[in-house]
Visitor: 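Would you mind keeping the following structure in view while I ask a few things?
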Protein chains: 2
Amino acid sequence: MPNNQFKKGELYSFITGKASTAIARRLQKKFNSAQLNLTIEQWSVLYHLWKEDGISQQELCNATFRDKPSITRLVDNLEKLKLVKRVASKEDRRMNMIYLTPEARKMQEASMDLAEETLNEALTGVPADQVEICKAVLQIVYDNLK
Amino acid sequence: MPNNQFKKGELYSFITGKASTAIARRLQKKFNSAQLNLTIEQWSVLYHLWKEDGISQQELCNATFRDKPSITRLVDNLEKLKLVKRVASKEDRRMNMIYLTPEARKMQEASMDLAEETLNEALTGVPADQVEICKAVLQIVYDNLK
DNA sequence: TTCGAATAGTTGTTTAACTAACTATATGCC
DNA sequence: GGCATATAGTTAGTTAAACAACTATTCGAA
């Protein structure tokens, strides 16, 4: 049952997601200024590996909401940068387990600090309770469409 | 002055914008099913031209939050699809004024209906006042980073 | 009036998303 | 055991975003 909250005139910015692209753009510039040679997409993969590495590409697909070809290419590029290694699983030879290199571990703190800084800039002037509501709405939207 | 609303553990989904990509993906599938041979990015350009055509590429850049090369290529592809025409301005020969073709005008209603339907699906179960708060927050975020 | 700066748009390069088609390995059923 | 099916990952092709470098036209100030 549609709830018809949207009129045709206001569809645009919700669909095009200009806020999140602006955040990503700002963070990318901070990475460049800090000589962190990383794209936001590569960072988003490392983000999950910093929490736990030695996971399969399929698990990275689920964590980052990307399809398999996208992860194949991101891991390709991260491997070229010597930030991760593919290791064939012994239990299931179809799987590549992805491990961080020491260089990648060194980048965690600086890049997370820049991400936190970016979000604080983005959310300046927004009351904390509205941020919470916004996060909840975006989660519901994602779940509705999954 | 940062307001430190974010802990490091919850940065991810705000930056990666998974909700808006899910919406765009859903809408793209509806376009494909309806034989509307359009990408979401092409649609986002037509969206502004339906409101007013005969505008310059620069004006399309501002309206769609894209840079000039992106609009050049989107207009290239829309021209190949015979949905728009570039017409050199008589007052300022640097400018291309972009006009819709009759075929493009025919696509307005069906595509806007699908966009509205997609948003209603996305926002099922979200109270209207929370949608308003979320829209306001995303607008502030965009303005903060602009 | 002319020359430097600003503006409008294009082209080339890299990275990435998505789809479809593909290979290789594993699983499960007969 | 052998074959159909599912799963993990790769490759190819198209579209798009971001950035830098470029051309052409216009504007503005000495």
Side-chain angles (χ1 to χ4, degrees), chain A residues 15-18 20-33 37-46 55-81 83-84 86-98, chain B residues 15-18 20-33 37-46 55-81 83-84 86-98:
Chain A
I15 292 179
T16 54
K18 60 178 179 164
S20 60
T21 58
I23 294 174
R25 213 144 31 188
R26 172 70 62 98
L27 180 56
Q28 182 70 67
K29 284 188 178 154
K30 285 182 192 285
F31 282 177
N32 297 345
S33 302
N37 185 20
L38 269 188
T39 68
I40 300 306
E41 293 79 10
Q42 290 164 357
W43 173 82
S44 79
V45 172
L46 295 181
I55 64 178
S56 70
Q57 292 187 198
Q58 183 57 54
E59 287 174 296
L60 280 174
C61 292
N62 300 337
T64 63
F65 316 109
R66 289 186 170 84
D67 64 3
K68 289 193 285 183
S70 299
I71 289 296
T72 293
R73 298 257 153 74
L74 281 169
V75 173
D76 285 350
N77 286 335
L78 286 168
E79 231 177 6
K80 277 183 213 154
L81 293 169
L83 295 175
V84 304
R86 284 178 168 99
V87 178
S89 165
K90 284 175 184 173
E91 296 105 58
D92 186 338
R93 280 186 302 163
R94 292 171 302 180
M95 289 200 286
N96 295 330
M97 312 310 273
I98 311 299
Chain B
I15 292 179
T16 55
K18 60 178 180 166
S20 61
T21 57
I23 294 174
R25 212 141 33 187
R26 171 71 61 99
L27 180 56
Q28 182 70 68
K29 283 187 179 153
K30 285 181 192 286
F31 282 178
N32 296 345
S33 302
N37 185 20
L38 269 188
T39 67
I40 299 307
E41 292 81 8
Q42 291 164 356
W43 173 81
S44 78
V45 171
L46 295 181
I55 64 179
S56 69
Q57 294 188 196
Q58 183 58 54
E59 286 172 298
L60 281 174
C61 292
N62 301 338
T64 62
F65 315 108
R66 289 184 170 84
D67 65 2
K68 289 193 284 183
S70 298
I71 289 296
T72 294
R73 297 217 166 101
L74 282 170
V75 173
D76 286 349
N77 286 336
L78 286 168
E79 231 177 7
K80 276 183 213 154
L81 293 169
L83 296 175
V84 304
R86 284 178 167 99
V87 178
S89 164
K90 284 174 183 172
E91 297 105 57
D92 185 337
R93 281 186 301 162
R94 291 171 303 180
M95 289 200 287
N96 295 331
M97 311 311 272
I98 311 299

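Chain identifiers are assigned alphabetically (A, B, ...) following the order of the sequence lines, protein sequences preceding nucleic acid strands; residue numbering begins at 1 within each chain.
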Visitor: Taking only side-chain N and O atoms of B/Asn96, does any of them lie within less than 4.0 angstrom of OP1 or OP2 on C/dA8?
Guide: no
Visitor: Residues two or more places apart in sequence or in another chain: which of them pass side chain to side chain contact (heavy atoms under 4.5 Å, CB included) with B/Asp67?
Guide: B/Pro69, B/Ser70
Visitor: Can you find a side chain N or O atom of B/Gln42 that sits less than 4.0 Å from OP1 or OP2 on D/dA16?
Guide: yes
Visitor: Quick one: is C/dT14 close enough that its OP1 or OP2 comes under 4.0 Å of any side-chain N or O from A/Thr39?
Guide: no
Visitor: Is a donor on one side and an acceptor on the other found under 3.5 Å between the side chain of A/Gln28 and the backbone of A/Leu38?
Guide: yes
Visitor: Any idea which of D/dC19, C/dG9, D/dA16 is nearest the B/Leu74 side chain?
Guide: D/dA16
Visitor: Look at the side chain of A/Gln57 and decide which nucleotide, out of D/dG9, C/dG9, C/dA16, has an atom nearest to it.
Guide: D/dG9
Visitor: Taking CD from B/Glu91 and P from C/dA8, how many angstroms apart are they, rounded to a whole number?
Guide: 14 Å
Visitor: Check this for me: does the side-chain of B/Arg73 come within 3.5 Å of the base of C/dG12 through a donor and an acceptor?
Guide: yes
Visitor: Nearest to the B/Met95 side chain among C/dA8, C/dA26, D/dA17, which nucleotide is it?
Guide: C/dA8
Visitor: So how far off straight is the helix from C/dT1-D/dA30 to C/dC30-D/dG1, going by the axes through five pairs at either end, to 10°?
Guide: 10°
Visitor: Please check the phosphate of D/dC19 (OP1 and OP2 only) for any side-chain N or O of A/Asn32 closer than 4.0 Å.
Guide: no
Visitor: Rounded to whole angstroms, how far apart are CG on A/Leu60 and P on D/dT7?
Guide: 19 Å
Visitor: Could you please name the option among D/dT10, C/dA16, D/dA16 that lies closest to any side-chain atom of A/Glu41?
Guide: C/dA16
Visitor: Report, one pair per line, the protein and nucleotides 20-24 of chain C atoms (nitrogen or oxygen only) whose separation is under 3.5 Å.
Guide:
none

Visitor: Could you work out which one of D/dT26, C/dT10, C/dT25 sits closest to the side chain of B/Arg93?
Guide: D/dT26
Visitor: State whether A/Arg86 places a side-chain N or O below 4.0 Å from either non-bridging phosphate oxygen (OP1 or OP2) of D/dT10.
Guide: yes
Visitor: The side chain of A/Ser70 lies closest to which of these nucleotides: C/dA17, C/dT19, D/dA18?
Guide: C/dA17
Visitor: Rounded to whole angstroms, how far apart are CD on A/Gln58 and P on D/dA6?
Guide: 16 Å
